[in-house]
Amino acid sequence: MDAVVLKNQLNAHVASMFTAGFLDNQFKELQMLQDDGSSPGFVREVVGLFLDDAERIVGEIAVLLDQPVVDFDKVDACVHQLKGSSSSVGAQRVKLSCSQFRSYYEEKNRDGCIMALAVLRNEFYDTRSNFQIMFQLEQQIEACS
């Protein structure tokens, strides 16, 4: 496929991620750091680290909530860490899910936390899928060069 067509698809996909609320302006800041030309692949690397870290944290939260006695302080720490890392890459819907999660662990509401984790997990998977599509398009563009 032609690189111009792929670039147009990539731009449209990223625009749709903003429109759907997956991304916020922090992602644009990351792109600007890469666009200076000195760091090709910077966004992919940073987002890749976020995705790996987020998957691990979501798993840790699930394990914590599955314990007979939930350590809500550890749940708090995990959600706080995930909120920070999602904020740093502009993963807005993940960040918002973390914010909504907070009221449940502050109330020590296990059922609420389990429900919030399901929402968080879905937002993370949707965000990850969108980033993966973005990366695939970028790789196809690189292959055309």
Side-chain angles (χ1 to χ4, degrees), residues 1-66 70-106 109-145:
M1 196 177 293
D2 181 63
V4 173
V5 172
L6 289 168
K7 285 180 184 178
N8 288 339
Q9 286 179 350
L10 175 61
N11 290 337
H13 180 70
V14 172
S16 74
M17 289 176 73
F18 277 100
T19 301
F22 285 104
L23 299 176
D24 63 20
N25 286 331
Q26 183 59 36
F27 185 77
K28 288 180 184 177
E29 296 289 328
L30 276 179
Q31 286 180 311
M32 287 194 304
L33 290 172
Q34 177 175 290
D35 289 344
D36 71 5
S38 64
S39 306
F42 175 74
V43 171
R44 189 180 315 161
E45 182 179 338
V46 171
V47 171
L49 291 171
F50 158 71
L51 293 174
D52 291 344
D53 197 39
E55 187 162 18
R56 177 188 56 77
I57 293 170
V58 168
E60 286 177 18
I61 295 168
V63 168
L64 288 168
L65 293 176
D66 198 36
V70 175
D71 185 339
F72 288 101
D73 291 334
K74 286 184 180 177
V75 173
D76 176 16
C78 288
V79 174
H80 185 75
Q81 182 182 4
L82 183 55
K83 183 179 179 187
S85 61
S86 62
S87 182
S88 70
V89 298
Q92 179 173 276
R93 285 170 58 168
V94 173
K95 179 180 71 174
L96 292 173
S97 294
C98 289
S99 295
Q100 294 167 346
F101 205 130
R102 184 175 189 182
S103 64
Y104 295 111
Y105 62 73
E106 284 180 343
N109 180 341
R110 179 189 192 136
D111 291 337
C113 284
I114 291 169
M115 182 182 67
L117 176 61
V119 171
L120 174 60
R121 186 179 273 141
N122 286 337
E123 292 297 353
F124 167 68
Y125 289 152
D126 287 347
T127 299
R128 181 178 65 185
S129 294
N130 276 286
F131 276 130
Q132 288 171 336
I133 291 167
M134 184 183 82
F135 294 157
Q136 289 168 355
L137 288 167
E138 287 175 348
Q139 289 172 339
Q140 289 174 5
I141 291 166
E142 289 170 10
C144 288
S145 300

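Remember, it's a predicted structure, so these values are computed and weren't measured experimentally.
Considering CZ of Phe72 and CG of Leu64, their distance stands at 10.0 Å, rounded to 0.5 Å. Residue Cys98 holds its SG atom at 6.5 Å from CD1 of Ile61, rounded to the nearest 0.5 Å. For the atom pair CG of Leu23 and CD of Gln31, the computed distance is 8.0 Å after rounding to the nearest 0.5 Å. Atom CG of Leu120 and atom CG of Leu96 lie 11.0 Å apart (nearest 0.5 Å).
For the residue pair Asp24 and Phe18, the shortest heavy atom distance occurs at O-CE2, 3.2 Å.
For the pair Phe131 and Met17, the minimum side-chain heavy-atom distance is below 4.5 Å. The shortest side-chain heavy-atom distance between Phe124 and Ile57 does not fall under the 4.5 Å cut-off. With contacts defined as side-chain heavy-atom distances shorter than 4.5 Å, the pair Arg44/Gln139 qualifies. Val46 has its side chain out of reach of Gln34: every pair of non-hydrogen atoms, C-beta onward, lies at least 4.5 Å apart. Inter-residue side-chain proximity for Gln92 and Phe27 is flagged as unmet; no heavy-atom pair is nearer than 4.5 Å. Side-chain contact check for Asp111 versus Tyr104: every heavy-atom pair is 4.5 Å or farther apart. In this structure, the side chains of Arg56 and Gln81 come closer than 4.5 Å at one or more pairs of heavy atoms. Between Val4 and Lys7 the shortest side-chain heavy-atom distance does not fall below 4.5 Å.
For residues 114-127, the set of pairs meeting the side chain to side chain donor-acceptor pair (under 3.5 Å) definition, not counting sequence neighbours, comprises Arg93-Glu123.
Distance alone, capped at 3.5 Å, is enough to place a donor-acceptor pair between the Ser16 side chain and the His13 backbone. Between the side chain of Gln26 and the backbone N or O of Ser87, no donor-acceptor pair lies under 3.5 Å.
In the displayed structure, Arg102 atom CZ is contacted under 6.0 Å by at most 12 heavy atoms of other residues, nucleotides or ligands.
A cation-pi contact, defined as under 6.0 Å to the ring centre and within 45° of the axis, is absent between Lys83 and Phe101.
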